[in-house]
S.K.: 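Take this structure, written in structure tokens, and hold onto it; I'll ask about it next.
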2 protein chains.
Amino acid sequence: MNIKEFSTRIGVSPTTTSSAITGNGRISKATRQMVLQKMRELGYTPNLNARRLVSGRSYMVALSHVDQKAASDLFTMQVARAIVGPLKEFGYDLWLNLAPDSMQEYSLLRQLVKSSTIDGTIIISDWSVPKKLLRDVASRNQPCVVIGEKLIDDIPFVGSVMLNLKPGALEVARLFAAQGHKRIGFIDSDLRDRVFEYFADALKKLGTPINKKHYVAAGRDTEEGARALRRLMSQPNPPTAIFARTDVLAIGAIREARNMGLSIPQNLSVVGHDDLSILPLAEPGLTTVRIDCTELAKAAAEMLSGLLRNPDTDPEPKVISTSLVMRQTAAPTPRAAD
Amino acid sequence: MNIKEFSTRIGVSPTTTSSAITGNGRISKATRQMVLQKMRELGYTPNLNARRLVSGRSYMVALSHVDQKAASDLFTMQVARAIVGPLKEFGYDLWLNLAPDSMQEYSLLRQLVKSSTIDGTIIISDWSVPKKLLRDVASRNQPCVVIGEKLIDDIPFVGSVMLNLKPGALEVARLFAAQGHKRIGFIDSDLRDRVFEYFADALKKLGTPINKKHYVAAGRDTEEGARALRRLMSQPNPPTAIFARTDVLAIGAIREARNMGLSIPQNLSVVGHDDLSILPLAEPGLTTVRIDCTELAKAAAEMLSGLLRNPDTDPEPKVISTSLVMRQTAAPTPRAAD
DNA sequence: TTGAAAGCGCTAACAT
DNA sequence: ATGTTAGCGCTTTCAA
């Protein structure tokens, strides 16, 4: 059944039915209720594709993660779940852009270009913002907001939800200082962000600067975390506390430390970063730095819907700060304890 | 730019452009190549919503998981990733149905009813098949395939990818028997499937029937796994090997066992079920039963696309069997070993 | 092998 | 407050 048939059957014009559905106000409350009621009775549902065609909007936005590694899936899923609600409130559905193996970020582009499939995009950037892509997007007037560490302010009309990783890093530094740690290690990931910078700065100001040898660059998986830990602990004066750039690295490090007979946190404190939702599964007590996905999702949804409503205003960037979550893998140094 | 403008600009009719894009054969190879080339040059992309409207198809299928718990997200994501490729080969995009908090499986129904948004559905059922929903779906001629333990053969036109959980359970039983275990425990989840049944039957035939007291019903999270383990191990003659219905339960059980001072697998063997992709993170060496997501995804995609092409044939159900993955948490009993 | 024309189901300007 | 009409951009008969 289409709108015409339905309308004649209930004795109104298609326009009336249409306005009853979209709720555009030109209709009386009574008629509207009547139409909605009849819709349920007769089981009429409007054809969205027709609406999409005529209105030039799809009422869908894509969520795309530049970094398609499975490790990031968890974060993406977390964001997706958080964002789908707020988005719905603005009348939009979420389309999760899963790239089929080969085609990476460009799949997104195609989706965008294919236009009319989505009205806008939320990009979870892996700290190495894909400027090319963004320029392309912006040039096509595709409303777009980027979630990432970098504040985007050089590309017009692109919204920016910035993750400020500084407060969390600071808190970890303060925590370690307060716990009396003097030799502090850092296991970095290949995400190109400034967590280490923030952390090192803070430690210096606190009077316990980090030793070059206590910085280890690693990658993404637990194996690399483990390897980094071995590197750190095999030194003459090994750290008593370690901050790992990702929870996954921290998990690997902790596992390896335990293999070496160390107790966490009695012999060694370890703090992670990101507060992944699977954390309770892998390492329930991991002290870590949280990124507040709910807040982040709300901000992104709001910003995008603003852009959707009015594509010609540069949206105000929004900053989401990290914060320390105290659990059980960090404790005072043995010496400081007694 | 629309098809009309594009076509006049390159000097053909809209019809020709259209057939070049859809590849419907009525066009000469040369013309087709020319049109495709020009499309790239001029940057013309067809409006999908128009195509959707006129063709009555959306070229999208939904993936919906009845059980919206976060624990299942991992499995869903695994399936989604596996399925998006095969689907694309049949010309379909995947739309992951994430319900915004409140609205459960019915959100799916709405999406279906809203029709023309999706052409079909893949439902990951939580072993308690939602028959109502399926009947509704089937009655609206929405092609649909269900992934789950139950073989669906009583609802016409609904495809069924059945997970045969028997082979895996059998293998575990045989493994424990071969390793000389006599007292064998089972930690069940609240998924209503027959893994325990298969397992118990096999053990009985192998001459080491399971003791009633060695069956513990649990839920979903690590905490419940831990609690179950305490229950099992606090008995006079505790099991020397345990099969847990989910990896998550197994992880909880192992953690608790270690807390109690037991070594895995020296003092106690533990086998999980599902082979979740985060396993390497939580418990890298867990011996477990694998569900082959790739095969499953391929089967589901193929079946659905068949149904899409020809909605009036009852598709042949497909069975995917589980199998044991040997890793490091199962070993011969101490007694059997010496 | 190609073109012209009709119409998919809806919304929005323009009437009343 | 409601109805009439003209398209949205494409695919698909039908005709050449």
Side-chain angles (χ1 to χ4, degrees), chain A residues 1-39 42-60 91 113-119 140-141 308-309, chain B residues 1-39 42-60 91 93 113-119 140 308-309:
Chain A
M1 182 163 35
N2 60 24
I3 197 173
K4 202 169 164 191
E5 183 187 344
F6 171 75
S7 303
T8 36
R9 260 168 81 173
I10 68 167
V12 300
S13 77
T15 315
T16 303
T17 301
S18 176
S19 3
I21 293 167
T22 54
N24 68 2
R26 57 169 272 182
I27 197 181
S28 82
K29 229 169 181 165
T31 328
R32 175 148 197 243
Q33 286 315 317
M34 187 276 278
V35 173
L36 261 35
Q37 175 56 31
K38 290 287 184 189
M39 275 179 66
L42 302 182
Y44 163 67
T45 316
N47 180 323
L48 277 194
N49 291 324
R51 168 190 300 197
R52 285 175 178 138
L53 173 59
V54 68
S55 70
R57 317 189 123 222
S58 66
Y59 306 100
M60 282 216 191
V113 167
K114 237 196 233 172
S115 219
S116 327
T117 291
I118 53 170
D119 294 340
R140 285 173 206 283
N141 290 328
L308 251 16
R309 232 171 289 286
Chain B
M1 182 162 37
N2 60 24
I3 197 174
K4 203 171 164 190
E5 183 188 344
F6 171 75
S7 302
T8 36
R9 262 169 77 173
I10 68 167
V12 299
S13 76
T15 315
T16 302
T17 301
S18 176
S19 5
I21 294 168
T22 55
N24 68 2
R26 56 168 273 181
I27 197 180
S28 81
K29 230 173 178 161
T31 327
R32 175 148 197 243
Q33 287 312 319
M34 188 275 278
V35 174
L36 262 34
Q37 175 57 31
K38 289 288 184 190
M39 274 180 66
L42 301 182
Y44 163 68
T45 317
N47 181 321
L48 277 194
N49 290 325
R51 168 190 300 197
R52 284 176 179 140
L53 173 59
V54 69
S55 69
R57 317 191 123 219
S58 66
Y59 306 101
M60 281 216 191
D93 276 329
V113 167
K114 237 196 235 170
S115 221
S116 324
T117 291
I118 52 170
D119 294 340
R140 285 174 206 283
L308 251 16
R309 232 170 288 287

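The shown structure was predicted, so the numbers you read here are calculated from the model rather than taken from an experiment. Per chain, numbering begins at 1; letters A, B, ... match sequence-line order.
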S.K.: Under 4.0 Å, heavy atoms only, any strand: does B:T22 hit a base, just the sugar-phosphate, or nothing?
M.R.: sugar-phosphate

S.K.: What is the bend of the helix from C:dT1-D:dA16 to C:dT16-D:dA1 when you compare the axis at one end with the axis at the other, using five pairs each and rounding to 10°?
M.R.: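 Comparing the first five pairs with the last five, the axes sit 30° apart.
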
S.K.: Excluding sequence neighbours, so at least two apart, what forms side chain to side chain donor-acceptor pair (under 3.5 Å) with A:R51?
M.R.: none

S.K.: Apply side chain to side chain contact (heavy atoms under 4.5 Å, CB included) to A:N47 and A:N2, showing your working.
M.R.: CA-CA 8 Å; A:N47 180 323; A:N2 60 24; over 6 Å; no

S.K.: What pairs meet the ring pair (Phe, Tyr, Trp, His ring centres under 6.0 Å) rule with one or both residues in residues 9-29 of chain B, with sequence neighbours excluded?
M.R.: none

S.K.: B:E5 has an atom CD; how far is it from atom C1' of D:dG7, in whole Å?
M.R.: 17 Å

S.K.: Which ring pair (Phe, Tyr, Trp, His ring centres under 6.0 Å) pairs, counting each pair once, include a residue from residues 1-34 of chain B, with sequence neighbours left out?
M.R.: B:F6-B:Y44

S.K.: Quickly work out the B:N49 CG to D:dG9 P distance and round it to whole Å.
M.R.: 11 Å

S.K.: Which residues pass the side chain to side chain donor-acceptor pair (under 3.5 Å) test with B:T8, not counting sequence neighbours?
M.R.: none

S.K.: What is the separation between atom CG on A:L48 and atom C1' on D:dC8, rounded to the nearest whole Å?
M.R.: 16 Å

S.K.: Would you check if the side chain of B:D93 reaches a backbone N or O of B:M60 as a donor-acceptor pair within less than 3.5 Å?
M.R.: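 No; zero donor-acceptor contacts below 3.5 Å.
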
S.K.: Less than 4.0 angstrom between a side-chain N/O of B:S18 and OP1 or OP2 of D:dT11, yes or no?
M.R.: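 Yes.
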
S.K.: Between B:N49 (side chain) and A:N49 (backbone), is there a donor-acceptor pair under 3.5 Å?
M.R.: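 Not confirmed, B:N49 side chain does not pair with A:N49 backbone.
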
S.K.: How is B:Y44 classified with respect to the nucleic acid when contacts are heavy atoms under 4.0 Å: base, sugar-phosphate, or nothing?
M.R.: sugar-phosphate

S.K.: Over how many whole Å does the gap from B:M1 atom CE to D:dC10 atom P extend?
M.R.: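 So the CE-P distance, B:M1 to D:dC10, works out to 10 Å.
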
S.K.: Examine D:dG9: is either OP1 or OP2 under 4.0 Å from a nitrogen or oxygen in the side chain of B:N2? Give yes or no.
M.R.: yes

S.K.: Check every strand shown and say whether A:L53 touches a base, only sugar-phosphate, or nothing at a heavy-atom separation below 4.0 Å.
M.R.: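 Since a base atom lies under 4.0 Å of A:L53, the category is base.
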
S.K.: For B:R52 and D:dG9, what is the distance between atoms CZ and P respectively, to the nearest whole Å?
M.R.: 15 Å

S.K.: Calculate the interatomic distance between B:I3 atom CD1 and D:dG7 atom P; express it in whole Å.
M.R.: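 To the nearest whole Å, that distance equals 19 Å.
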
S.K.: Under the rule for side chain to side chain donor-acceptor pair (under 3.5 Å), what residues qualify as partners of A:E5, not counting sequence neighbours?
M.R.: A:R9

S.K.: Checking B:R57 now: which residues fulfil side chain to side chain donor-acceptor pair (under 3.5 Å) with it, not counting sequence neighbours?
M.R.: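 Side chain to side chain donor-acceptor pair (under 3.5 Å) list for B:R57, sorted by chain: B:Y92.
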
S.K.: Can you run down the salt bridge (Lys or Arg N to Asp or Glu O under 4.0 Å) pairs that involve residues 11-20 of chain B, sequence neighbours left out, and say none if there aren't any?
M.R.: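 Those involving residues 11-20 of chain B do not exist here.
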
S.K.: Can you work out whether A:T17 or B:T31 has the more 5'-proximal nearest nucleotide on DNA chain C?
M.R.: B:T31

S.K.: Taking distance alone, no hydrogens or angles, what donor-acceptor pairs closer than 3.5 Å link side-chain atoms of residues 16-23 of chain B to residues at least two apart or in another chain?
M.R.:
from  : atom 1 : to    : atom 2 : distance (Å)
B:T16 : OG1    : B:S13 : OG     : 3.2
B:T17 : OG1    : B:S7  : OG     : 2.8
B:S19 : OG     : B:T15 : O      : 2.6
B:T22 : OG1    : B:S18 : O      : 3.1

S.K.: Under the side-chain contact (heavy atoms from CB on, under 4.5 Å) test, which residues partner B:Q37, sequence neighbours left out?
M.R.: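 Once residues adjacent in sequence are excluded, the partners of B:Q37 under the side-chain contact (heavy atoms from CB on, under 4.5 Å) criterion are B:R40, B:E41.
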
S.K.: Output a table of nitrogen or oxygen pairs between the protein and nucleotides 3-6 of chain D separated by less than 3.5 Å.
M.R.:
from  : atom 1 : to    : atom 2 : distance (Å)
D:dG3 : OP2    : A:S13 : N      : 2.8
D:dG3 : OP2    : A:S13 : OG     : 3.0
D:dG3 : OP2    : A:T16 : OG1    : 2.6
D:dG3 : N7     : A:R26 : NH2    : 3.2
D:dG3 : O6     : A:R26 : NH1    : 3.0
D:dG3 : O6     : A:R26 : NH2    : 3.0
D:dT4 : O4     : A:T15 : OG1    : 2.5

S.K.: In this structure, how many angstroms lie between the P atom of D:dC10 and the CE atom of B:M39, rounded?
M.R.: 9 Å

S.K.: Quick one: how far along DNA chain C does chain A reach, first to last nucleotide 5' to 3', anything under 4.0 Å to a heavy atom?
M.R.: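 On DNA chain C, the outermost contacted nucleotides are C:dG9 to C:dC14.
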
